[in-house]
Amino acid sequence: MKKIIVANVILFIFLILIGSNVLAGTSLNARVTSSLQEVEGGQEVIVTLRFDTFQEVKKGINAYQATFEYDKEVFEQVKEDDIMSLNNWEKLKYNQQTGELVAIKRAGTKAEEDIVQIKLKVKEDAKPQETEVGINDIVTSEGKEDLFIQDAIVKINIIKEQTEIPDNPGTDIEQGELLFKSIYKTEKEDTTSYLYKINPKTTLNDFIANCQTNGDISIYKKDGTLLGNNEFVGTGMILKVRKAQEEISMTIAVIGDTDGNGEVTPTDLADAIQEALDRNILNKVQMLATDINEDRKITPTDLAEMIKLTLKL
């Protein structure tokens, strides 16, 4: 009989402890958000853990422990340098092998706030899929007892490159005995010929690999100097193809590049935004560079594509 009574007492205490943990778990919520919902191979995304709904916290929580979980087949391995504490949370420690996080806040907090940010980089060869990033097994405390918080998860879509270049018939230019072919598009206005739809960060070597000619190819920068083999082809540069006394000359437009450095940067995006506001600041070759969907104007569609390109810096 005594054994039964003792067993019941132990069970009763156990249920009380479980109940207190469940109750504690309802007093505080955790939420994880991501800076991007869709990412491509090689891109980075920031996930942020936030504590909110402080219903039963009196003094303020000043420590937490959690486990960061992500698919290592999708993302590169997270290191402690990729994690940043926010809002005066400090002494952060991260176990790279187990994903465990620990941090403290001396003053404690009772206010809703972001706790930590974690930078993830998608592997270059990651397959398109939906993946989950979670901060689990979250335990915090204000000094009395452990508060157990429900796991927080965010879903992220891994996608293929979305900046699609419209179908390109390429160029096929014949002038006398001089022939020039490429995968790029051409347009002529008055006496000036343009070569466009060239991808950002295309080196001279890569450019030449996408062309066929029985002449010699040279590209001149805006200052008149020759472009080096490993330098980027940029908007406004001049392509010259020569054979004996014959010559073909075309002005180059690189997708999204307005300032001529061969890359897409916030500066280029700012120029495109100004043009979208009818400020008329872009010349012909810059318009060919930024009018990505080729509707003869700069619209939110073009801006969205340029934003994706700037994220690949």
Side-chain angles (χ1 to χ4, degrees), residues 161 163-176 178-243 246-272 274-276 280-298 302-303 305-310 312-313:
E161 185 176 355
T163 303
E164 297 181 357
I165 301 173
D167 292 339
N168 185 3
T171 62
D172 189 347
I173 300 172
E174 191 168 354
Q175 180 177 310
L178 179 55
L179 180 68
F180 176 78
K181 294 182 178 182
S182 80
I183 66 170
Y184 309 116
K185 286 190 171 186
T186 59
E187 181 172 315
K188 190 169 184 178
E189 186 175 273
D190 298 328
T191 58
T192 304
S193 295
Y194 298 94
L195 189 71
Y196 65 109
K197 287 300 177 194
I198 300 168
N199 285 326
K201 296 186 177 181
T202 296
T203 65
L204 176 59
N205 280 336
D206 292 336
F207 177 87
I208 292 174
N210 290 323
C211 302
Q212 295 179 15
T213 181
N214 57 0
D216 297 317
I217 293 176
S218 300
I219 292 181
Y220 292 84
K221 303 177 188 178
K222 292 180 181 179
D223 61 4
T225 60
L226 278 169
L227 186 71
N229 288 335
N230 295 313
E231 292 183 290
F232 293 147
V233 176
T235 295
M237 294 183 184
I238 304 298
L239 165 70
K240 289 188 181 294
V241 185
R242 296 186 181 93
K243 182 183 179 185
E246 292 184 273
E247 179 180 280
I248 296 171
S249 179
M250 285 178 278
T251 302
I252 288 171
V254 172
I255 297 172
D257 171 34
T258 63
D259 59 10
N261 65 0
E263 302 181 72
V264 185
T265 68
T267 298
D268 304 309
L269 182 58
D271 287 341
Q274 291 296 315
E275 185 68 29
N280 297 318
I281 66 167
L282 301 184
N283 58 29
K284 171 66 178 182
V285 69
Q286 290 172 319
M287 281 294 295
L288 284 173
T290 53
D291 179 19
I292 297 174
N293 65 355
E294 297 185 82
D295 61 358
R296 302 295 173 177
K297 56 187 176 182
I298 307 303
D302 303 308
L303 299 179
E305 294 301 308
M306 288 184 66
I307 289 170
K308 292 175 186 177
L309 291 170
T310 61
K312 297 180 181 179
L313 288 176

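Only heavy atoms go into these numbers, but all of them, side chains included; no hydrogens, no water, no symmetry mates. The structure presented is a predicted model; accordingly, all values stated were derived computationally and were not measured.
- In this structure, Thr290 contributes its side chain and Gly256 its backbone to no donor-acceptor pair below 3.5 Å.
- Remark: side-chain polar atoms of Lys197 are paired, donor with acceptor, to backbone N or O of Ile292 under 3.5 angstrom.
- Enclosure of atom NZ in Lys181 is not indicated, since only 12 or fewer non-hydrogen atoms of other residues, nucleotides or ligands lie within 6.0 angstrom.
- Residue Thr251 forms a side-chain contact (heavy atoms from CB on, under 4.5 Å) with just one option from Ile238, Asn283, Leu288, Leu195, and that option is Ile238.
- In terms of modelled atom types and a separation under 3.5 Å, the side chain of Gln274 and the main chain of Asp271 share no donor-acceptor contact.
- A heavy-atom distance below 4.5 Å is found between the side chains of Asn214 and Leu178.
- Listed by chain and number, the residues in a side chain to side chain contact (heavy atoms under 4.5 Å, CB included) with Ala270 amount to none (sequence neighbours excluded).
- Between the side chain of Asp295 and the main chain of Lys297, a donor-acceptor pair closer than 3.5 Å is present.
- The distance from atom CG of Asn205 to atom CD of Glu231, rounded to the nearest 0.5 Å, is 11.0 Å.
- A donor-acceptor pair under 3.5 Å links the side-chain atoms of Asp257 to the main chain of Thr235, judged by distance alone.
- Inter-residue side-chain proximity for Leu227 and Tyr220 is flagged as unmet; no heavy-atom pair is nearer than 4.5 Å.
- Taking every heavy atom of both residues into account, Ile298 and Ala272 meet most closely at CG2-O, 3.5 Å.
- Under a 3.5 Å cut-off, the side chain of Glu187 and the backbone N or O of Tyr194 do not form any donor-acceptor pair.
- Applying the 6.0 Å contact sphere to CD of Glu246 captures more than 12 heavy atoms from other residues, nucleotides or ligands.
- With hydrogens and angles disregarded, no donor-acceptor distance shorter than 3.5 Å links the side chain of Asp302 to the backbone of Asp291.
- By the 4.5 Å heavy-atom criterion applied to side chains, Glu305 and Ile255 are not counted as neighbours.
- Once rounded to the nearest 0.5 Å, the distance linking CD1 of Ile248 with OG1 of Thr213 reads 6.5 Å.
- Closest non-hydrogen pair, Arg296 versus Met287, comes out as O-CE, 4.2 Å.
- Residues Val254 and Ala289 come closest through the heavy atom pair O-CB, 3.1 Å.
- Defined by atom type and a distance below 3.5 Å, a donor-acceptor pair is missing between the side-chain atoms of Asn210 and Ser182.
- Here the straight-line distance linking atom OG1 of Thr186 with atom CD1 of Ile173 works out to 5.0 Å at 0.5 Å rounding.
- Considering only heavy atoms from C-beta on, Leu309 stays 4.5 Å or farther from Leu269 through its side chain.
- Of all the heavy atoms in Arg242 and Ser218, the pair that sits closest is NH1-OG, 4.3 Å.
- Judged as a side chain to side chain contact (heavy atoms under 4.5 Å, CB included), and not counting sequence neighbours, the contacts of Phe232 are Lys201, Thr203, Glu263.
- A distance-only check finds a donor-acceptor pair linking the side chain of Glu275 to the backbone of Leu282 [under 3.5 Å].
- When all heavy atoms are compared, the tightest approach of Ser249 to Lys240 is OG-NZ, 3.5 Å.
- Without hydrogens or angle criteria, Asp268 side chain to Asp259 main chain gives a donor-acceptor distance under 3.5 Å.
- The structure places CD1 of Ile208 at 7.0 Å from CD1 of Ile219, a figure rounded to the nearest 0.5 Å.
- Nearest heavy atoms, Val264 versus Met306: CG1-O, 3.9 Å.
- In this structure the side chain of Leu239 never reaches within 4.5 angstrom of the side chain of Tyr184, judged on heavy atoms.
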